[in-house]
Protein chains: 2
Amino acid sequence: MSSRTRVPDELHETVVSRLARLGQRYTTNRKSLVAMLWAEGRPMTLPEMLEADAALAQSSAYRNLVVLEEAQVLHRLVTTGPFACWELAEDLTGHHHHHLICRSCGVVEDFTASPDLERLLGKAVGQAGSAAGFVAEDHRLDLLGTCNNCR
Amino acid sequence: MSSRTRVPDELHETVVSRLARLGQRYTTNRKSLVAMLWAEGRPMTLPEMLEADAALAQSSAYRNLVVLEEAQVLHRLVTTGPFACWELAEDLTGHHHHHLICRSCGVVEDFTASPDLERLLGKAVGQAGSAAGFVAEDHRLDLLGTCNNCR
DNA sequence: CTAAGATTGAGGATCATTCTCAAAAAGGTC
DNA sequence: GACCTTTTTGAGAATGATCCTCAATCTTAG
Ligand SMILES: [Mn+2]
Ligand SMILES: [Mn+2]
Ligand SMILES: [Zn+2]
Ligand SMILES: [Zn+2]
């Protein structure tokens with residue numbers, strides 16, 4: 001829905017350097033995936049990506065998504081649905097966020113928590129160590145409900 | 001780790017009535033699954049359950065877990081791992097909680113958030129509607145890190 | 001231009017999960 | 001108990017998302 005038109009040069013350059021660290025190139029196929037996720041502005045499943053760009057081969061898309069994940073360019077979401085779901089890494093969009101997940105259709109939208117909430121989440125991460133020697137480093141928050149489309 | 005020994009009669013009765021609503025029986029196999037999750041006190045994956053009780057047949061276990069989920073007796077967790085992971089429904093344990101997830105071995109432990117944090121989470125759920133017509137009803141919080149065993 | 005290495009994509013392999021179906025078990029009624 | 005009906009079971013087959021293989025093609029370095 002967001003439809004940002006062009007991937008900023010700076011983002012492309014960052015992607016190039018992260019891939020380079022792994023001896024990987026920023027090919028046309030990989031650019032397509034990054035540009036598509038940038039333009040869409042929300043996480044996309046693999047079938048959505050294949051449909052959005054008919055030139056993508058399934059096996060190559062799967063492989064490239066993993067490469068981009070290893071390069072910390074993309075982030076694979078944890079979902080209930082049957083398909084892998086991907087978004088740009090947070091440090092590339094500069095936008096720490098969480099997700100609204102529709103229980104009916106499974107669509108995922110971004111959502112920014114209030115500063116107060118983020119502060120308490122950080123505190124919870126710091127204090128988790130008390131529980132059975134677990135050391136927390138990060139948090140993940142999803143709000144579950146019904147999207148505009150499904151109501 | 002928790003090793004609660006016996007499932008309280010009240011819990012069994014609740015399970016019986018929830019299954020009855022769907023015309024389903026509380027069979028030995030289903031009792032084994034419920035008792036095992038009660039005793040273990042943390043979410044278990046399907047292979048863990050099969051290993052813990054060699055009498056369980058894989059295909060029946062899968063089927064019964066789904067039946068128990070439909071009866072709202074069990075809850076299927078969303079994980080990165082390859083296996084389905086289950087726990088008792090929160091309203092059966094009377095214990096709203098979240099999860100500590102080990103990035104290394106994938107083990108899941110329960111975790112209770114502070115009242116302040118829960119209050120802000122509830123507030124976030126209520127306010128989510130402002131974002132593009134999404135109506136949130138529930139929240140899910142995971143803390144990601146390293147378990148005692150993996151450190 | 002050439003050689004070395006990376007990438008591609010069609011098709012096959014993998015594997016968690018679901019489905020099928022005949023046998024067994026559980027209730028209900030007498 | 002016997003009898004009938006419905007549910008449950010479990011072994012094996014089917015499904016399907018994902019990953020792997022490998023020969024062909026593309027890129028880059030020299
Ligand atoms: Mn997102
Ligand atoms: Mn739990
Ligand atoms: Zn929806
Ligand atoms: Zn661990």
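Letters go in sequence order (proteins before strands), and every chain restarts at 1. Please read all numbers here as calculations on a predicted model, not as lab measurements.
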### Query
When you check every protein heavy atom under 4.0 Å of nucleotides 5-11 of chain D, what one-letter string (B, S, -) results, 5' to 3'?
-BSSBBB
### Query
So which pairs with a foot in residues 99-125 of chain B pass ring-ring contact (aromatic ring centres under 6.0 Å, His included), sequence neighbours left out?
B:H97-B:H99
### Query
When you list every nucleotide of DNA chain C with an atom under 4.0 Å from a heavy atom of chain A, which one comes first 5' to 3', and which comes last?
C:dG5 to C:dG11
### Query
Can you name the residues that form a salt bridge (charged side-chain N to carboxylate O under 4.0 Å, His left out) with A:D110, not counting sequence neighbours?
none
Give the table of side-chain donor-acceptor pairs shorter than 3.5 Å for residues 115-128 of chain B, with sequence neighbours excluded, one pair per line with atom names and distance.
| unit_1 | atom_1 | unit_2 | atom_2 | d |
| --- | --- | --- | --- | --- |
| B:D116 | OD1 | B:R119 | NH2 | 3.1 |
| B:E118 | OE1 | B:H96 | NE2 | 3.2 |
| B:E118 | OE1 | B:H139 | NE2 | 3.1 |
| B:E118 | OE2 | B:H96 | NE2 | 3.1 |
| B:E118 | OE2 | B:H98 | NE2 | 2.8 |

### Task
Show which residues join B:L77 in its hydrophobic cluster (side-chain heavy-atom contacts under 4.5 Å, direct or indirect), or state none.
B:I101, B:V108, B:L144
### Query
Tell me the ring-ring contact (aromatic ring centres under 6.0 Å, His included) pairs involving residues 52-82 of chain A, sequence neighbours left out?
none
#### Entry: Partners passing side-chain hydrogen bond (donor to acceptor under 3.5 Å, both in side chains) against A:T146 (at least two apart in sequence or in another chain)
B:E137
### Task
Give the rounded distance in Å between these two atoms: CZ of A:F83 and C1' of D:dG16.
9 Å
### Query
In whole angstrom, what separates A:L65's CG from D:dA17's P?
16 Å
For residues 44-56 of chain B, which side-chain N or O atoms pair as donor and acceptor with protein atoms under 3.5 Å away, sequence neighbours left out?
| unit_1 | atom_1 | unit_2 | atom_2 | d |
| --- | --- | --- | --- | --- |
| B:T45 | OG1 | B:E48 | N | 3.4 |
| B:E48 | OE1 | B:T45 | N | 2.8 |
| B:D53 | OD1 | B:A55 | N | 2.9 |

### Task
Measure the distance from CE on A:M49 to P on D:dA17 and round it to the nearest whole Å.
15 Å
Side-chain polar contacts of residues 63-73 of chain A - donor-acceptor pairs under 3.5 angstrom, sequence neighbours left out - could you list them?
| unit_1 | atom_1 | unit_2 | atom_2 | d |
| --- | --- | --- | --- | --- |
| A:N64 | OD1 | A:R30 | NE | 2.7 |
| A:N64 | OD1 | A:R30 | NH2 | 3.2 |
| A:N64 | ND2 | A:S60 | O | 3.2 |

## Note on the structure
By side-chain hydrogen bond (donor to acceptor under 3.5 Å, both in side chains), A:N148 pairs with (sequence neighbours left out) A:R151
### Message
Check this for me: A:D91, atom CG, are more than 12 non-hydrogen atoms of other residues, nucleotides or ligands nearer than 6.0 Å?
### Response
yes
### Message
Let me test you: for the helix from C:dC1-D:dG30 to C:dC30-D:dG1, what is the angle between the axes at its two ends (five pairs each), rounded to 10 degrees?
### Response
30°
